[in-house]
Every structure is written in C-alpha cells, then in structure tokens.
Chemist: 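I'd like to ask you about the structure that follows.
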Amino acid sequence: MLSAVERKIEQFIAELDDKEVEALYAKLPQGKRLRAKLILKIAGEKLSAVKTAAIVEMIHAASLLHDDVIDDADTRRSKPSLNALYGNKTAIMLGDILYSKGFFELNNISPDVAKVISNAVTQLSLGELKDVSLSKMFNTDTSVYLDMIYQKTASLIEASAGAAALLAGKPKEPFMIYGRNLGLAFQMIDDLLDITADSATLGKPALHDFAEGKTTLPYIYLYDALGESDREKLKNMHAKVLSEEEQQWIMAQMQMHQIPMKCYAQARELIEEAVELMNRLGEDALSEIATEMIDREF
Ligand code: FPP
Ligand code: MG
C-alpha cells in the first residue's frame, strides 16, 4: 500500500536531477509513514492521494531534518542523524529542498488541499519555535504544553486527515478532529517513551528531553505530585546533564507517583474519542491506525 508513496517520493526527488540530493535522501531512515498511511486509509489509493501522501511525508522529513539541527540530535531512528553525518548546513539545505519541492507539487493538487496542508506547515513551524522558547524555562502549565504539541505535531496529522477527506469527498471536520486527537496522543507517547523506553529501543538517549530543557507532560504531572522540597530538587535538575543517581531519582519518583500510567491514560482517552467518532461515521478501518499511534515502543 505504501510502496506507491515511496515510488512517488523517489520520482519527485529524481525530478530535481541532482545526484547529491538523491544520495542524501537515500541516507534518511524511512520512518513509520503514519501520515501517508492515514491519507491512503481515508482517501484510497488514487493518484491525488498518493501524491498528497508523498508531499506530506517530504514535508515531515524536512521538519525532522531541521528539528535534529535545532535539538542537536546525533541520532534519528537508531541511525546517525544527517546533521551528525554531514553537518548542520547540509541537513538544513536537504530539508529546504524536500520542503520546497513538496510545496511545488502541492500546487498540482486542489487549492483546498494546498490551503489545509500549507496552513499546517506554518503551525508546525510556530509550534517548533514555542518548543524552543519553552525549553528555556521549567513550564508547569499543561495547557501551554498541549497548545505547543498541537502546533508542533498534531497540526500536520490533522491536516493530513482533512486533506484526505477533501480528496475523498468526505466531510473534512470529523476527520480533522480524528487527526488532531491522533497527533496529540502520538506526541504524548513520544514524550512518555523518552522516560519509559530504554535508549536502545528508542534509538536516542533516554531522559534526553529533560536534559534538553523540555518539561514534557510526565515532568509537569510529576511536578504537580511532588512536595515542595522535591519540586525544588526536580527544578534544579532541569536542562542539565544528569548523573546516574539523579536519573534514578527521577525514574523512581515517576514510578512512585504513577506518572507513566497517567500520561498513557490521557493519550488513550484521546484515541478512544477519535475511534468512537470514526465508528459513528462507519469508518471502522480507521481504528487500527489510531491504536498503532499509541501502542508502540519507539
Ligand atoms: C519533532 O519534535 C519535531 C516536529 C514534529 C516538528 C518540527 C518542525 C520544524 C522544525 C519546522 C520545520 C518547518 C519546515 C517548513 C520544514 P521532537 O523533537 O519532540 O521529537 P523527536 O523526538 O522526534 O525529535
Ligand atoms: Mg527532536
């Protein structure tokens, strides 16, 4: 099902007629292609859907190339990141090339689809900027976190579902709500896995987010659950490289206050809401992809 999308991305890249770009693209791990799967599940495998799925995956790949530069990440999906292999300049430019080619191709789909997708790209850029700004402080406000992950991650998944609905001649709104819930749950699980998964499974160091200054949902909930002196202790560990002992203290507190369970339950609730909405529309096939978003190990 996804091979048509892979072939379309390869075709778009071949059209650039640049061997270096082809070789660099080949170095990128493909990832789960969740956005593409979502589009094909909603709109079927007609050419406009395959093209839209390829465009969205190219934009997503571009955003991760830029994100790894911003996060100074050495790895992406267990492989060396492109910035680690070839430096920031190359990673940024490959991102710009994928992104601009994607936008060029978007002009050949309908104006409605182009509007939904391009608006989401502005949102994801605004969200990433918020993520960067929030990393400079210890944020304890859940709604600030939720707004940021909505923009950074859920907006493009929401737009993928909305665009696919437009292509299929289905009502856009319920699919966008479905996509939004999936996106929020996806990022919540991503942030939870930084605490619960071991670094080998994750393909990046565990507890990396907190060291980077990110107070993700588990840290906000933990802060809420702690007494005053432990709150201070946690705050003092923020945005630092932690010793083994400090890491173990955080993990023990997380377990003691059942934080992973609370975060998982919140993501699960969003998924259940999304699945119910789709079931009501008779779109039963969309439940599987929703569950896949949260029942994952990396
Ligand atoms: C991953 O977050 C990052 C995103 C989902 C979005 C990043 C968006 C940008 C850099 C804007 C790019 C804009 C254009 C136009 C291409 P994360 O760091 O929490 O997740 P990770 O664990 O996968 O790194
Ligand atoms: Mg990152």
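Atom set for the values below is all heavy atoms of this structure, side chains included, hydrogens, waters and symmetry mates excluded.
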Chemist: In Å and rounded to the nearest 0.5 Å, what is the CG to CG distance from L38 to L286?
Modeler: 7.0 Å

Chemist: Is it true that a side-chain atom of D230 and a backbone atom of L226 form a donor plus acceptor pair closer than 3.5 Å?
Modeler: no

Chemist: At their closest point, which heavy atom of E128 faces which heavy atom of D67, and how far apart are they?
Modeler: OE2-OD1, 2.5 Å

Chemist: Please report whether the ring centroid of F138 lies less than 6.0 Å from that of Y223.
Modeler: yes

Chemist: Determine yes or no for a side-chain-to-main-chain donor-acceptor pair under 3.5 angstrom, with T90 supplying the side chain and G87 the backbone.
Modeler: no

Chemist: State, with a plain yes or no, whether a side-chain heavy atom of I9 is found less than 4.5 Å away from one of I55.
Modeler: no

Chemist: Can you name the closest pair of heavy atoms from V50 and A4 and give their distance?
Modeler: CG1-O, 3.6 Å

Chemist: Indicate yes or no for a side-chain donor-acceptor contact from D194 to the backbone of H208 under 3.5 Å, with no hydrogens or angles considered.
Modeler: yes

Chemist: Is it the case that the side chains of Q123 and S155 hold a donor-acceptor pair, with the cut-off being a distance below 3.5 Å and no angle test?
Modeler: no

Chemist: Please answer whether the main-chain N or O of S243 pairs with a side-chain N or O of E246 as donor and acceptor at a distance below 3.5 Å.
Modeler: yes

Chemist: With a 4.5 Å cut-off on side-chain heavy atoms, are M176 and V116 touching?
Modeler: yes

Chemist: Would you check, one step at a time, whether the test side chain to side chain contact (heavy atoms under 4.5 Å, CB included) holds for I195 with Y219?
Modeler: CA-CA 10 Å; I195 288 146; Y219 294 95; 3.7 Å; yes

Chemist: Hey, what do you get for CG (D68) to CD1 (I92), rounding to the nearest 0.5 Å?
Modeler: 11.5 Å

Chemist: Which heavy atom of L40 sits nearest a heavy atom of E45, and at what distance?
Modeler: CD1-CG, 4.3 Å

Chemist: Verify the cluster assignment for L193 and M261: are they in a single hydrophobic cluster under the rule of side-chain heavy atoms below 4.5 Å apart?
Modeler: no

Chemist: Under a 3.5 Å distance rule, please check whether N83 uses its side chain to pair with a backbone N or O of D74 as donor and acceptor.
Modeler: no

Chemist: After noting the C-alpha distance and the side-chain angles of Y150 and E158, does the key distance pass the side chain to side chain donor-acceptor pair (under 3.5 Å) rule?
Modeler: CA-CA 9 Å; Y150 164 64; E158 176 187 61; 2.6 Å; yes

Chemist: Taking C-beta and beyond as the side chain, do E173 and Y178 meet within less than 4.5 Å on heavy atoms?
Modeler: no

Chemist: Any chance you could lay out the side chain to side chain donor-acceptor pair (under 3.5 Å) test for E276 and N279, step after step, and finish with the verdict?
Modeler: CA-CA 5 Å; E276 261 172 44; N279 286 348; over 6 Å; no

Chemist: Do S143 and D141 meet the criterion of a side-chain donor-acceptor pair at a distance under 3.5 Å?
Modeler: yes

Chemist: Using modelled atom types and a 3.5 Å cut-off, is there a donor and acceptor pairing between side-chain atoms of S81 and backbone atoms of A73?
Modeler: yes

Chemist: Given Y145, which partner from the list N139, T215, D191, T140 fulfils the side chain to side chain donor-acceptor pair (under 3.5 Å) test?
Modeler: D191

Chemist: Is the shortest distance from a Lys or Arg side-chain nitrogen in R33 or E57 to a carboxylate oxygen in the other one below 4.0 Å?
Modeler: yes

Chemist: Taking atom CD1 of I149 and atom OG1 of T216, what is their separation to the nearest 0.5 Å?
Modeler: 9.5 Å

Chemist: With a 4.5 Å cut-off on side-chain heavy atoms, are L192 and P260 touching?
Modeler: yes

Chemist: Does L24 offer a backbone N or O that forms a donor-acceptor pair with the side chain of Y86 under 3.5 Å?
Modeler: no

Chemist: Are M148 and V132 side-chain neighbours, meaning at least one heavy-atom pair lies under 4.5 Å?
Modeler: no

Chemist: Determine the minimum heavy-atom distance between V121 and F103, stating which atoms define it.
Modeler: CG2-CE1, 3.9 Å

Chemist: Has the side chain of K170 got a donor or acceptor atom that lies under 3.5 Å from a matching backbone atom of I42?
Modeler: yes

Chemist: Look at the side chain of K172 and the backbone N and O of A161, then say whether any donor-acceptor pair between them is shorter than 3.5 Å.
Modeler: no

Chemist: Step by step, work out the side chain to side chain contact (heavy atoms under 4.5 Å, CB included) result for K235 and E232.
Modeler: CA-CA 5 Å; K235 268 188 163 177; E232 276 315 299; 4.1 Å; yes

Chemist: Give a yes or no on whether L64 and L156 share a hydrophobic cluster (residues Ile, Leu, Val, Met, Phe, Trp, Tyr; joining criterion: side-chain heavy atoms under 4.5 Å apart).
Modeler: no

Chemist: Tell me whether M251 is reachable from L234 by hopping between hydrophobic residues (I, L, V, M, F, W, Y) whose side-chain heavy atoms are closer than 4.5 Å.
Modeler: yes

Chemist: Tell me whether V69 shares a hydrophobic cluster with L82, the cluster being built from Ile, Leu, Val, Met, Phe, Trp, Tyr side chains joined at under 4.5 Å.
Modeler: no

Chemist: Any link between Y221 and V144 through a network of hydrophobic side chains (Ile, Leu, Val, Met, Phe, Trp, Tyr) touching at under 4.5 Å?
Modeler: yes

Chemist: Does atom NZ (K27) have a neighbourhood of more than 12 heavy atoms from anything else shown, all under 6.0 Å?
Modeler: no

Chemist: Grab the two heavy atoms, one from G95 and one from A62, that are nearest each other, plus how far apart they are.
Modeler: O-CB, 3.2 Å

Chemist: Is there a side-chain contact between L65 and Y99 in this structure, where contact means two heavy atoms from C-beta onward sitting under 4.5 Å apart?
Modeler: no

Chemist: Take atom CD of E22 as the centre, draw a 6.0 Å sphere, and report whether it contains more than 12 heavy atoms from other residues, nucleotides or ligands.
Modeler: yes

Chemist: Any salt bridge between K214 and D131, counting N to O under 4.0 Å?
Modeler: yes

Chemist: Looking at CD1 of I97 and CD of E20, how far apart are the two atoms once the value is rounded to the nearest 0.5 Å?
Modeler: 8.0 Å

Chemist: Heavy-atom distance under 4.5 Å between the side chains of E105 and K51, does that happen here?
Modeler: no

Chemist: Does the pair E283/K41 count as a salt bridge with the N-to-O cut at 4.0 Å?
Modeler: no

Chemist: Atom CD in E272, atom CG in L277: separation rounded to 0.5 Å?
Modeler: 13.5 Å

Chemist: If you measure from CD on E273 to CZ on R268, what distance do you get to the nearest 0.5 Å?
Modeler: 13.5 Å

Chemist: Decide yes or no on side chain to side chain contact (heavy atoms under 4.5 Å, CB included) for I157 and R180, but give the supporting numbers first.
Modeler: CA-CA 6 Å; I157 300 177; R180 179 193 163 106; over 6 Å; no

Chemist: Are M278 and S287 side-chain neighbours, meaning at least one heavy-atom pair lies under 4.5 Å?
Modeler: no

Chemist: Is there a donor-acceptor pair closer than 3.5 Å between any side-chain N or O of K79 and the backbone N or O of T75?
Modeler: no

Chemist: Under 6.0 Å between the ring centres of F210 and H238?
Modeler: yes

Chemist: For the pair T142 and L217, evaluate side chain to side chain contact (heavy atoms under 4.5 Å, CB included) and give the outcome as yes or no after the intermediate values.
Modeler: CA-CA 7 Å; T142 313; L217 195 60; 3.8 Å; yes

Chemist: Compare every heavy atom of L167 with every heavy atom of S48, then report the nearest pair and how far apart it is.
Modeler: OG-CD2, 3.7 Å

Chemist: Taking atom CG as the centre, does N236 end up with more than 12 heavy-atom neighbours from other residues, nucleotides or ligands that are less than 6.0 angstrom away?
Modeler: yes

